[in-house]
Amino acid sequence: MASGRASDNVDDLAVKGGTAINGGAPRDGAAHTEDGIVTGTSPVSPAVAAADAARPTSGETVRIDSWIWAVRLVKTRSMGGTACRGGHVRVNGERVKPAYAVRVGDEVRLRHAGLERIVVVKRLIRKRVGAPVAIQCYVDNSPPPPPREAVAPAGIRDRGTGRPTKRDRRDMERLRGLTAPDDTP
């Protein structure tokens with residue numbers, strides 16, 4: 001270290017008086033012991049620390065619309081509130097309002113984007129966290145999505161051909177199996 005700067009390598013990190021020479025806290029969640037040894041922690045630690053920071057304090061409750069947003073079941077909190085008001089969210093089998101206080105162990109059923117998500121609450125959080133941490137906050141008991149072959153593809157038309165005529169509509173219904181072939185007028 002001819003230039004007098006501390007190296008970025010953990011091996012070259014020196015400790016004087018319990019603080020790092022580079023002037024700040026240890027990088028990447030590393031911690032100093034009393035003898036000055038730098039110990040590292042797992043890469044998930046900052047994420048778990050963020051989840052713990054998002055946890056409500058003792059005695060506080062978490063709203064269901066906020067919780068389903070925080071664990072990334074819906075994209076926005078307002079979508080969570082709208083789903084609750086529309087009857088698409090059930091907790092332990094009961095339809096709930098957006099302000100319902102969710103507890104650890106509750107079973108939450110959410111109908112969203114044509115699928116039903118069934119999750120059991122493991123951890124309460126108020127703030128949105130990263131996806132790897134959000135997955136640790138619930139147990140997913142959702143049924144698997146239907147295979148792609150089971151979903152009938154929509155009729156694909158060339159660009160600029162306009163709306164389908166009655167004849168085109170009947171042909172598409174026959175292809176989808178919605179009408180019998182002998183139902184022609």
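Predicted, not measured: the structure shown is a model, and the values here were computed from it.
Lys127 and Ala70 make their closest contact through O-CB, 3.6 Å (heavy atoms, listed as atom of the first residue, atom of the second, distance). Leu73 and His112 make their closest contact through O-CD2, 4.0 Å (heavy atoms, listed as atom of the first residue, atom of the second, distance). When all heavy atoms of Ile64 and Cys84 are compared, the closest pair comes out as CG2-SG, 3.8 Å. The minimum heavy-atom distance between Arg72 and Ala134, with the atom names listed, is CD-CB, 4.3 Å. In terms of heavy-atom proximity, Ala99 sits nearest to Arg63 at CB-NH1, 3.6 Å. A pairwise comparison of heavy atoms in Pro98 and Gly81 identifies CG-O, 3.6 Å as the closest pair.
Linking Ile, Leu, Val, Met, Phe, Trp and Tyr whenever their side-chain heavy atoms come within less than 4.5 Å leaves Val120 and Trp69 in two separate clusters. One hydrophobic cluster holds both Val104 and Val96 under the rule that ILVMFWY side chains link at heavy-atom gaps under 4.5 Å. Each of Leu115 and Val139 belongs to its own hydrophobic cluster when Ile, Leu, Val, Met, Phe, Trp and Tyr are linked at side-chain heavy-atom distances under 4.5 angstrom.
In this structure, the side chain of Trp67 engages the main chain of Arg123 through a donor-acceptor pair within 3.5 Å.
Tested against Val119 for a side-chain contact (heavy atoms from CB on, under 4.5 Å), the candidates Asn141, Val108, Leu110 yield a single pass: Val108.
Other residues, nucleotides and ligands place more than 12 heavy atoms under 6.0 Å from the CZ atom of Arg169. In the displayed structure, Lys122 atom NZ is contacted under 6.0 Å by more than 12 heavy atoms of other residues, nucleotides or ligands.
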Notebook entry, point to check: How far apart are the C-alpha atoms of Val121 and Arg103, what are their side-chain angles, what is the distance that settles it, and do they pass the side chain to side chain contact (heavy atoms under 4.5 Å, CB included) test?
Noted result: CA-CA 7 Å; Val121 179; Arg103 295 183 300 250; over 6 Å; no
Checklist line | Worked verdict on Asp106 versus Tyr100 for side chain to side chain contact (heavy atoms under 4.5 Å, CB included) | finding: CA-CA 12 Å; Asp106 284 347; Tyr100 180 84; 4.3 Å; yes
Next item on the list: Decide yes or no on side chain to side chain contact (heavy atoms under 4.5 Å, CB included) for Arg77 and Ser66, but give the supporting numbers first.
Entry: CA-CA 6 Å; Arg77 183 173 171 185; Ser66 178; 4.0 Å; yes
Checklist line | Stepwise side chain to side chain contact (heavy atoms under 4.5 Å, CB included) test for Val71 and Ile125 | finding: CA-CA 8 Å; Val71 296; Ile125 58 174; 3.9 Å; yes
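Between Ile118 and Glu107 the shortest side-chain heavy-atom distance falls below 4.5 Å.
Rounding to the nearest 0.5 Å gives a distance of 10.0 Å between CG of Asn92 and CZ of Arg109.
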